[in-house]
Number of protein chains: 2
Amino acid sequence: MVADDHTLFVDGLCGLLALQPDFDIIGKASNGKEVLHFLNSRLPEVLIMDLNMPILDGQITAEKIVGSFPSIKILVLSMYNAPSLSTRLKSIGIKGYLPKDTDADLLFSVIREISSGNYYFREKEKYIPGLNRFAETDAFLKKYNLTHREIEILKLISENLSSKQIASKLFISLFTVDTHRKNMIQKLKLSGKTDLIKFAIQNNLWQKQF
Amino acid sequence: MVADDHTLFVDGLCGLLALQPDFDIIGKASNGKEVLHFLNSRLPEVLIMDLNMPILDGQITAEKIVGSFPSIKILVLSMYNAPSLSTRLKSIGIKGYLPKDTDADLLFSVIREISSGNYYFREKEKYIPGLNRFAETDAFLKKYNLTHREIEILKLISENLSSKQIASKLFISLFTVDTHRKNMIQKLKLSGKTDLIKFAIQNNLWQKQF
DNA sequence: AATCCCATACCGAGTACTCGGTATTTTTTA
DNA sequence: TAAAAAATACCGAGTACTCGGTATGGGATT
């Protein structure tokens, strides 16, 4: 069974899974409520789901499933590539986690693993921040007319460091930090720190650590 | 051709498209750079892509494509269901836009539409904020021990209204707004406004308006 | 009727942020 | 080498936010 609010993703994934002779897709859902409703009539061996879903959140759904239908093995597919998610997912009772940029063959073998009773969490693969991020390329800097220093400071702002803390961390004056903030706000035509935070999040300069 | 950094999505979507007798998938890519590299050897009639991609952003990629390969029709698939995106995408030269929770049949017909030279932008469908959002259900409130009033104020905070502005909007005292802020911060174990903004974004209490 | 929860309101004192502007030095680019 | 860009630094004055605490009244629940 596959649950995700992105219909195209669900349909596409089901198509891929259906090509595997040992897989049988018994259901699809686009929110947590639909999942639970479906489970009242039929139980899959493996449930592949996203944690971000409307109407009933994936995490709460998973908790309910683990409590009521312990035979179901849950595999989470997430847009986040954060191995630190693993601890939290394990504590819920989820059997496996993969990011959505995983290739299909690995997905198939992981499904077989957890179907056999194993766990699949990639803890060995350390999260490497931003090496390939657009927001750190010259094209991005040029697009927004930002400097490397500005991006550096923006990242620290988005990590909730005060200007004073940033100044201390970078061995510069508080005035300098404030000037950089001001320059960014003007260049990006934003209004204050809230907009800066949003800009950082939307451009993947900040990613949640669980 | 399909471009998206979520490999499973690309593979699944290509599988769906391949079932249509009039579609021929000539390529896949997981970032903007790969797209441009591919176009040096072969041109698709329609390019289906996501705007959020690493290494080279989808928007810049699209702008380059429209400039260098005007015969290619670009259809954007986005996780955002925001019709207000349409104006911006049109100005870039993109021929169509659909959210990822679209069903496959509509996608197929839209591909055929823009392949024929038409545009597809759903402007009639007004964005309806939050009706089905998990973050506005009782389960969510219970999960985080938040009240309706707190969520209401959190939304306004995430829209960059100051406490003073919120007080004025809701006909309450500035002190009351501050108290709600304080209560939320304590309940959610956060540190200040930055964390509140992040919480709001991650729980879809705020969504970007273009 | 008593209790709890929520919304409202306030205090005091402090820090953080904003935004107009100025300036100098260092680094990069042409 | 000269010019431009980036980094650094500062001023003044004001608003916004934070966080410890206090309190009351109304509505819902037990």
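Sequence lines set the chain letters: A, B, ... in the order given, protein chains first and strands last, and positions in each chain run from 1.
B:Glu152 meets the side-chain hydrogen bond (donor to acceptor under 3.5 Å, both in side chains) test with B:Arg149; sequence neighbours excluded. Applying the side-chain contact (heavy atoms from CB on, under 4.5 Å) criterion to A:Ser168, with sequence neighbours excluded, gives no partner residue. Residues meeting the side-chain hydrogen bond (donor to acceptor under 3.5 Å, both in side chains) test with A:Asn118, sequence neighbours left out: A:Glu113. Partners of B:Asp5 under the side-chain hydrogen bond (donor to acceptor under 3.5 Å, both in side chains) rule, at least two apart in sequence or in another chain, do not exist in this structure. Applying the side-chain contact (heavy atoms from CB on, under 4.5 Å) test to B:Ser68 and every residue at least two apart in sequence or in another chain returns nothing.
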Protein and nucleotides 26-30 of chain C: nitrogen or oxygen contacts under 3.5 angstrom:
none

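Residue pairs meeting the salt bridge (Lys or Arg N to Asp or Glu O under 4.0 Å) criterion with at least one partner in residues 176-196 of chain B, sequence neighbours excluded, are B:Glu150-B:Lys187. Applying the salt bridge (Lys or Arg N to Asp or Glu O under 4.0 Å) rule to pairs touching residues 63-77 of chain A yields nothing, sequence neighbours excluded. For residues 25-38 of chain A, the set of pairs meeting the salt bridge (Lys or Arg N to Asp or Glu O under 4.0 Å) definition, not counting sequence neighbours, comprises A:Asp11-A:Lys28. Residue pairs satisfying the salt bridge (Lys or Arg N to Asp or Glu O under 4.0 Å) criterion with at least one member in residues 38-49 of chain A, sequence neighbours excluded, are absent.
Taking a cutoff of 4.0 Å between a charged side-chain nitrogen and a carboxylate oxygen, A:Asp4 and B:Lys100 do not qualify as a salt bridge.
The side-chain heavy atoms of A:Ile157 and A:Phe199, taken from C-beta on, include no pair separated by under 4.5 Å. Side-chain atoms of B:Glu159 and B:Trp206, non-hydrogen and from C-beta on, do get closer than 4.5 Å to each other.
Rounded to whole Å, the distance from CG on A:Asn183 to C1' on D:dA5 is 12 Å. Computed from coordinates, the B:Leu146 CG to C:dA7 P distance equals 10 Å when rounded to whole Å. Taking atom CD1 of residue A:Ile153 and atom P of nucleotide D:dA6, one finds them 14 Å apart after rounding to whole Å. Taking atom CD of residue A:Glu150 and atom P of nucleotide D:dA5, one finds them 13 Å apart after rounding to whole Å. Distance, B:Ile166 CD1 to C:dA7 P: 15 Å, rounded to whole Å. Between the C1' atom of D:dA6 and the CG atom of A:Leu141 lies a distance of 12 Å, rounded to the nearest Å. Distance CG (A:Leu170) to P (D:dA9): 11 Å, rounded to an integer number of Å. Taking atom CD1 of B:Ile172 as the reference point, atom P of C:dC6 lies 16 Å away to the nearest angstrom.
Between A:Ser173 and D:dT8 there is no side-chain N or O to OP1 or OP2 distance below 4.0 Å. B:Thr147 has no side-chain polar atom (N or O) that falls below the 4.0 Å cut-off from OP1 or OP2 of C:dC5. Distances shorter than 4.0 Å separate some side-chain N or O of A:His180 from OP1 or OP2 on D:dT8.
Rounded to 10°, the angle separating the first-five-pair axis and the last-five-pair axis of the helix from C:dA1-D:dT30 to C:dA30-D:dT1 equals 60°.
The residue A:Thr176 sits close to a base: some heavy atom pair falls under 4.0 Å.
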Practice task
For each nucleotide in nucleotides 12-25 of chain C, reading 5' to 3', give B when a protein heavy atom comes within less than 4.0 Å of its base, S when such contact involves only the sugar-phosphate, and - otherwise.
Solution key: ----SSBBBB----
